[in-house]
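Working notes, structure below.
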Amino acid sequence: QVQLVESGGGLVQAGGSLRLSCAASGRISGGYNMGWFRQAPGKEREFVAAITWSGSNTYYADSVKGRFTISRARNTLYLRMNSLKPEATSLYYCAAGWVAGPSNSAAYNYWGQGTQVTVSS
């Protein structure tokens with residue numbers, strides 16, 4: 001059993017910052033990549049950022065480049081979000097997997113329940 005538990009979401013004004021965390025636990029072997037995805041009401045889930053097992057490679061959606069930073073420390077994943085915009089309002093999910101293709105949700109085997117981020121204008 002593998003669990004991913006996100007935290008750190010909340011309500012923030014436009015231009016503000018938040019840091020999301022995701023703790024992985026359970027019977028999960030090493031070597032897995034991790035990523036953040038988000039889904040707004042009525043929209044499809046979209047890729048936000050990803051990081052490889054070693055942390056040496058990171059990937060970002062164009063919409064968040066320069067404002068979001070993904071990092072990891074062992075089994076914990078982080079997403080620092082700066083200069084937040086109202087369109088960032090979504091449920092943010094973390095995911096873990098071993099298949100290449102960091103921006104593809106199909107590359108991930110395990111998903112958290114999500115943490116809500118709401119950005120007010």
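The figures here come from the full heavy-atom set of this structure, side chains too, leaving out hydrogens, waters and symmetry mates.
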If you group Ile, Leu, Val, Met, Phe, Trp and Tyr by side-chain heavy-atom gaps below 4.5 Å, do Y108 and V48 land in one group?
no
Which atom pair, heavy atoms only, marks the closest approach of S90 to R38?
CB-CB, 3.7 Å
Could you tell me which non-hydrogen atom of A88 sits nearest to which non-hydrogen atom of V119, and how far apart they are?
CB-CG2, 4.2 Å
Contact check, side chains of N82 and S17, non-hydrogen atoms, under 4.5 Å
yes
How long is the span from the CG atom in L84 to the CG atom in L18, to the nearest 0.5 Å?
5.5 Å
Approximate separation, where rounding is to 0.5 Å, of L77 CG and S21 OG:
8.5 Å
Nearest heavy-atom approach of N33 to T52 is OD1-CA, 3.2 Å
For Y32, does the six-membered ring have the charged nitrogen or CZ of R74 within the cation-pi criterion, i.e. under 6.0 angstrom from the centroid and within 45° of the normal?
no
Is the shortest side-chain heavy-atom distance between S71 and R80 below 4.5 Å?
no
Does some side-chain heavy atom of W36 sit less than 4.5 Å from a side-chain heavy atom of F47?
no
Specify the closest pair of heavy atoms between M81 and Y92, including all atoms of both residues, with the distance to one decimal.
SD-CE2, 3.9 Å
Taking every heavy atom of E6 against every heavy atom of G112, the minimum-distance pair comes out as OE2-CA, 3.2 Å
Would you please test C22 and L4 for side-chain contact (heavy atoms from CB on, under 4.5 Å) and show each step?
CA-CA 6 Å; C22 173; L4 299 177; 3.9 Å; yes
Could you measure the distance from the CD atom of Q39 to the CG atom of L91? Nearest 0.5 Å is fine.
7.5 Å
When clusters are formed by joining ILVMFWY residues with side-chain heavy atoms under 4.5 Å apart, either directly or through shared neighbours, do W98 and V2 land in the same one?
yes
Can you get from V99 to Y110 by hopping between Ile, Leu, Val, Met, Phe, Trp and Tyr side chains that sit under 4.5 Å apart?
no
Heavy-atom side-chain contact between V117 and T89 under 4.5 Å
no
Around atom CD of Q3, are there more than 12 heavy atoms of other residues, nucleotides or ligands at under 6.0 Å?
no
Below 6.0 angstrom between ring centroids: does that apply to F37 and Y93?
no
Nearest-0.5 Å distance, OG of residue S121 to CD of residue E87:
10.0 Å
Could you check whether any side-chain heavy atom of T118 comes within less than 4.5 Å of a side-chain heavy atom of V12, counting everything from C-beta outward?
no
When you measure from the centre of the six-membered ring of Y78, is the NZ or CZ of R72 under 6.0 Å away and within 45° of the axis?
no
Where W111 and S105 come nearest, the two heavy atoms and their spacing:
CZ2-O, 3.5 Å
L79/T69 under side-chain contact (heavy atoms from CB on, under 4.5 Å): CA gap, chis, key distance, verdict
CA-CA 6 Å; L79 184 68; T69 302; over 6 Å; no
Side-chain heavy atoms under 4.5 angstrom apart, residues restricted to Ile, Leu, Val, Met, Phe, Trp, Tyr: same cluster for M34 and F68?
yes
